[in-house]
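Have a look at the structure below before the remarks.
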Amino acid sequence: MILGLLLSWTAPVVAQYDDPNLGLGITLPAPTATKSTATPTSTAEPVSARASSSAFVPPPQTPDQIRNQASDVFGAQLFTGAFSQPGATQFNPDYAIAIGDQIQVRLWGAFTFEQTLTVDPRGNIFLPHAGPVQLLGVRNQELQGVVQAAIRRTFRNNVNSYASLAAAQPVRVFVGGYVNRPGLYNGTSMDSVLRYLDMAGGVDPERGSYLQIQVKRGQATKATVNLYDFLLNGTMPMVQLADGDVIFVPPHTQRVKVKGLVANAKRFEFTGAQQTVAQLMSLAKPLATATHVRVMRNTGSIRNAEYYPLSEAHTVALSNGDELEFTADKKPGTITVRVEGEHYSPQEYVLPYGTSMGILLGQIQPTVNSDMQSVQLFRESVKQRQKEMLATSLHSLEMALLTARSGSNEEARLRKEEADLTLQWVERAKKIEPIGQVQIAKASQLNSMLLENGDVLRIPRKDDLVLVSGEVLFPNAVAYESSKNLQDYINNAGGFTQQADNARVVVARVDGSYEQIGTNSFSSSTNIHAGDQILVLPKVDDKRRQFWKDLTQIMYQIAVSAKVVFGL
């Protein structure tokens, strides 16, 4: 039994420490814990650094932040409220412990202790049995080592420690100078200069400097912050603030305005007597298409313009108030022309600028089925002009409809119904895309005609069909016969519909020319060629339509520019 009691007895854990007053090593029972006995792990985090799981809804922007967002001053968009919002503290490993900082200390093993201690005015924290530990000025990454060394001086073994920075010192920082809302703002010593500036409404875009923001402590300037370094290079100095520090924004010195082919079309600030266009280009970021820069000198009441290639940018000095515009001044070199249709030649040609049509036609190898007498040219600039003319005509028609007057209520009602239907037709007509065809086949100066970049030359195939469309009963393609006249082809398509205006028939030739045929020509020998397109325009009742002249003109314009019949 005695042996069993001896085997079941467990010796109490003891902690060995040296008493500096006695100079002797004495072994005593472990003291009772003063706080929670929970053993921490090495992965413990400060409570203040734990991220909140609740969703964050940003508050509405202030008028100052809205103005900053809309400002054309480079850097003003920094201060729109994003930096002023509180968040989890991220501690810099080089942060120097200051008076008022909170240190979380945990001891476990033979002696347990857990408490958050505040660095006192002498720069110390007090640990049981270890006494005061000097932490003022100790870097954050060295904090654990300093506390561990202090514990080891008292407890030789069986006691482990963990120390971390729980919260930075609360401070009040003055923000002054050219900011939107100068004042005294609360925060912590670890908050960035950007947060205090954002809380103050940001730098005044019209007066303040973004390059020489000063952090002052007493009469000394502790740091100078250049916000362009943050915007362009992503570098921001970590300035450890103390209670009573002053963030001062001086007035800006010199500014230039940049526009044109640049990524950052803003007003930029610069310091120093010499600033060149090349230095400014590192801020404005010209686009790859930019080749030249125009400099407007604002010297008193006189404005002088200067123009330089970007290759000389390093020699062009800038002055306060200058305005720069980056442009693309490119001399024409080569153009591309596409050849489609019936031929053996390549479909894409790269030609020198100023090449004539005759040179291109000389390089085309036709087939036996090529209709070289009806060569078609489609040009983008012509297509754009046709579209603009159609839009102008439709706009005039809209204005006439909306401003028409009526003599009675009944007439007003009828005019309104008519206008509503016509406006619906106008909206559909706006979607019509002209084809941009140029009539060149019978041009006397065809060979000397200059080509444009993007031209499409089409060699038509000898066709044996005549297309009949528009206001006929059965729009269709009819086999070409030299003995048939215009009336015969219309009859082969079923004849006119009730909406047809047989006095307005347009024949579109393969070469791009047009011919308007009257009713008295139907029975005559009207020349219809293989490949022609007969367009029968719809009839506009001039008794019901107040604007029939405008409508018929627009219908004819659509038929000519787009080769389609677009009726009401």
Side-chain angles (χ1 to χ4, degrees), residues 64 68 73-76 78-79 83-84 86 89-103 118-125 134-143 165 167-231 233 235-255 269-275 320:
D64 290 331
N68 290 337
V73 175
F74 187 69
L78 279 174
F79 305 111
F83 293 106
S84 61
T89 304
Q90 300 295 327
F91 294 112
N92 180 7
D94 292 326
Y95 174 78
I97 305 298
I99 295 172
D101 288 348
Q102 296 181 358
I103 311 299
T118 302
V119 179
D120 62 25
R122 295 186 178 183
N124 299 323
I125 60 172
Q134 178 67 228
L135 294 181
L136 182 63
V138 174
R139 292 193 303 169
N140 189 23
Q141 63 182 357
E142 299 171 351
L143 174 62
L165 182 60
Q169 175 191 11
V171 296
R172 295 180 300 171
V173 175
F174 294 94
V175 182
Y178 292 94
V179 293
N180 287 311
R181 295 193 305 273
L184 180 64
Y185 294 91
N186 296 324
T188 69
S189 57
M190 278 301 296
D191 288 335
S192 68
V193 173
L194 286 172
R195 181 167 189 264
Y196 287 101
L197 287 172
D198 204 6
M199 288 192 292
V203 177
D204 188 335
E206 301 301 325
R207 301 182 300 161
S209 172
Y210 292 83
L211 302 181
Q212 305 179 81
I213 299 173
Q214 303 169 4
V215 179
K216 296 185 175 183
R217 185 167 297 167
Q219 298 299 320
T221 299
K222 183 176 177 62
T224 300
V225 179
N226 184 337
L227 295 182
Y228 280 15
D229 290 340
F230 174 71
L231 285 167
N233 304 318
T235 59
M236 171 60 65
M238 295 298 296
V239 182
Q240 185 172 332
L241 299 170
D243 195 53
D245 281 354
V246 176
I247 299 176
F248 179 76
V249 178
H252 69 78
T253 53
Q254 303 179 80
R255 277 184 179 171
E269 178 184 356
F270 65 93
T271 59
Q274 292 294 330
Q275 176 80 4
N320 186 33

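FYI, side chains are in, hydrogens and waters are out, and symmetry mates aren't considered; it's all heavy atoms of this structure.
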Suppose we screen for side-chain hydrogen bond (donor to acceptor under 3.5 Å, both in side chains). Which residues come up paired with Gln212, at least two apart in sequence or across chains?
none
Is there side-chain contact between Phe230 and Leu78, with at least one heavy-atom pair below 4.5 Å?
yes
With Asp64, which residues qualify under side-chain hydrogen bond (donor to acceptor under 3.5 Å, both in side chains), at least two apart?
Arg67, Arg181
What closest approach, in Å, do Pro170 and Gly100 show between heavy atoms, and which atom pair accounts for it?
CD-O, 4.3 Å
Testing the basics here: between Gln240 and Arg217, what is the closest heavy-atom pair and its distance to 0.1 Å?
O-NH2, 3.0 Å
Output yes when a side-chain donor or acceptor of Asp120 lies under 3.5 Å from a complementary backbone atom of Asn124, and no otherwise.
yes
At their closest point, which heavy atom of Leu241 faces which heavy atom of Ser189, and how far apart are they?
O-CB, 2.9 Å
Between Leu197 and Val249, is there a side-chain heavy-atom distance shorter than 4.5 Å?
yes
Gap between atom CZ of Phe270 and atom CD of Gln254 - 0.5 Å precision:
4.0 Å
Under the side-chain contact (heavy atoms from CB on, under 4.5 Å) criterion, do Val171 and Asp245 qualify, and how do the steps go?
CA-CA 9 Å; Val171 296; Asp245 281 354; over 6 Å; no
For a 4.5 angstrom cut-off between non-hydrogen side-chain atoms, does Tyr210 reach Val73?
yes
Hey, are the side chains of Val246 and Val173 touching, using non-hydrogen atoms and a 4.5 Å cut-off?
no
Under a 4.5 Å cut-off applied to non-hydrogen side-chain atoms, are Tyr228 and Glu269 in contact?
yes
Residues Pro182 and Gly176: closest non-hydrogen pair is CB-CA, 4.3 Å
Leu143 side, atom CG; Leu135 side, atom CG - distance, nearest 0.5 Å:
6.0 Å
Decide yes or no for Ser209 and Thr253: does some side-chain heavy atom of the first lie under 4.5 Å from some side-chain heavy atom of the second?
no
CG of Leu184 to OH of Tyr196, rounded to nearest 0.5 Å, is 9.5 Å
Hey, what do you get for CZ (Arg207) to CG (Asn180), rounding to the nearest 0.5 Å?
8.0 Å
Would you say Phe79 and Val179 make side-chain contact, with heavy atoms under 4.5 Å?
no
If we only count heavy atoms from C-beta on, is the Met236 to Leu227 side-chain gap below 4.5 Å?
yes
side-chain hydrogen bond (donor to acceptor under 3.5 Å, both in side chains) partners for Asn320, two or more places apart:
none
Given Ile97, which partner from the list Leu136, Ile125, Leu165 fulfils the side-chain contact (heavy atoms from CB on, under 4.5 Å) test?
Leu165
At their closest point, which heavy atom of Val215 faces which heavy atom of Val239, and how far apart are they?
CG1-CG1, 4.0 Å
Calculate, to the nearest 0.5 Å, the distance between atoms CG and CE belonging to Asp191 and Met238 respectively.
9.0 Å
Calculate, to the nearest 0.5 Å, the distance between atoms OG1 and CD belonging to Thr118 and Gln102 respectively.
4.5 Å
Please report the closest heavy-atom contact between Asn186 and Arg195, naming both atoms and the distance.
O-NH1, 4.1 Å
